[in-house]
Amino acid sequence: MTPDSLKRLREWFKKNAAELPWRLADLDAPRDAYAVWISETMLQQTQVSTVKDYFIRWMERFPNIETLANADEAEVFKYWQGLGYYSRARNILKTAKIVVNAHRDCHAPCKGARNDVQVSTARELAHALEKRSSHGTKVNDVKNEFSVQLPETRKELEALPGIGAYTAGAILSLAYHQREAILDGNLIRIFSRLYELNFLPTDKIKERICPSRNSVQDDRSGMTEKNCAEIYWNYAREVADSPKAYMHNEALMELGRTVCKTKSPLCENCPLNKECRAFLDGRTAEFPPAKKRTEKNWHGTVLVIECADEKILAVCGGQKFLDKQLALPHFESPRGATVGFPAEAENYINADDVESIKHCGIFRHSITVHKIECDVLYIKLKSKAKAAEIAIKSDNTRIENGAKIKWIEKAKVFETFANSFSLKALKKAF
């Protein structure tokens, strides 16, 4: 992209930037790194319109890394509920704890140090506030120097759980205004059309000539997956090689979201249409090439088990889906296999303890590439929770793979389960 095209891009962005809860009114101002991290992680695999309300609720409950690090996984999942891909939420919590613990270690007093050393950080902050105030420096600016912050290098960021090349680049660019490249789905689509790249960064291609940035034909010996990704990243680095890298990156994301859309792109409104090869050749619909997607159909049964003292059985671990989350017990089963007591249910309860069984219907759900259809069985037990649990734990062949069971008060199930998979089943039962 030329300096002129980048200038047109900036001017377009300043006129068309949407108001978003994580975007500052001043587009040139550095953002809060924590807010960038949370918003960009939420936006992975999720539409902007969906993320807005989730981001606001999240920031109200977890306004900074310290608050988040002190939360437990169940509460974090509750505020993530509905966004899917729960590993993102789990990694966010892990990273928050790592960053906060590292910060505390840096400021912890040495073992055997005098008592007056233990308050050095507080004194240092007070001294800085007093000194800076005389020079007109804002108090918040000083406090930020002593608050917990995300790392400011790509290597450190990418070493943290859940932070990959894109998220690291977004934090460094948007929050710290470094000349760092980013590459998300929007930029991939734009670059593919601008340069007519008929492959994706994740493709594994052999014996194909690759379009080159300098129009020199590439080696015919083949193109590896790394080569494909590197071509896209080279274009991203070219865009980021500027003091305004933060604005170029965000402008391209906005352009991809609102103009260079997957279907029916608004090419006439694009500030880059004068140099877009796909547009000039009338081939916009051909780029980027369609991503090959393998969908897997899975049919199963979900058990809503209620004991005599009105508690619902939940399982954590040993499940096909949501393995490390609190979920309703479920297992694979053929369609129509809902008559009577399923043998798989004996992994959780005794058949002799069943008072009644009711088929409550079917719900559909999607998790990654799985298209799921589940029957819901509502099973009422004769015994109370404690007795039912003692009976099941006495049989070592049950509750496999380190799974743990927990009884949830029936009145609190909808606020306790943090995944829509279990909630859909509960809505069928109650």
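Basis for what follows: all heavy atoms, side chains included, without hydrogens, waters or symmetry-related copies. Here the structure is a predicted model, which is why all the values come from computation and not from measurement.
Counting only residues at least two apart or on different chains, the ring pair (Phe, Tyr, Trp, His ring centres under 6.0 Å) pairs with a member in residues 313-335 are W298-F321, F321-H370, H330-F421. Annotation: side chain to side chain donor-acceptor pair (under 3.5 Å) contacts involving residues 413-430, sequence neighbours excluded, comprise H365-K424, N419-S422. Among residues at least two apart or in separate chains, ring pair (Phe, Tyr, Trp, His ring centres under 6.0 Å) pairs with a member in residues 4-27 are W22-F55. Listed by first then second residue, pairs satisfying ring pair (Phe, Tyr, Trp, His ring centres under 6.0 Å) with a partner in residues 241-277 read H177-Y246, not counting sequence neighbours.
Using a 3.5 Å distance cut-off with no hydrogens or angles, the side chains of N350 and D352 do not pair a donor with an acceptor. No side-chain N or O of Y166 forms a donor-acceptor pair with one of Q44 less than 3.5 Å apart. Between the side chains of S173 and N249, at least one donor N or O sits under 3.5 Å from an acceptor N or O. T50 and Q47 share no donor-acceptor pair across their side chains, judged by distance under 3.5 Å alone.
Counting only heavy atoms from C-beta outward, the side chains of I372 and I367 approach each other to under 4.5 Å.
Residues E310 and K380 are not paired through a salt bridge, judged by the lack of any N-O separation under 4.0 Å between the basic side chain and the carboxylate. Look at E355 and K382 and you find no salt bridge, because none of the NZ, NE, NH1 or NH2 atoms lies under 4.0 Å from a carboxylate O.
One distance of note links OG1 of T46 with NZ of K52; it measures 14.5 Å at 0.5 Å rounding. Annotation: the span from R104 atom CZ to E66 atom CD amounts to 8.0 Å, rounded to 0.5 Å.
Y235 does not carry R237 over the face of its six-membered ring by the limits of under 6.0 Å from the centre and within 45° of the normal.
Evaluation of the salt bridge (charged side-chain N to carboxylate O under 4.0 Å, His left out) rule for K410 yields E306 as partners, not counting sequence neighbours. In this structure, the ring pair (Phe, Tyr, Trp, His ring centres under 6.0 Å) partners of F430, at least two apart in sequence or on a different chain, are Y378.
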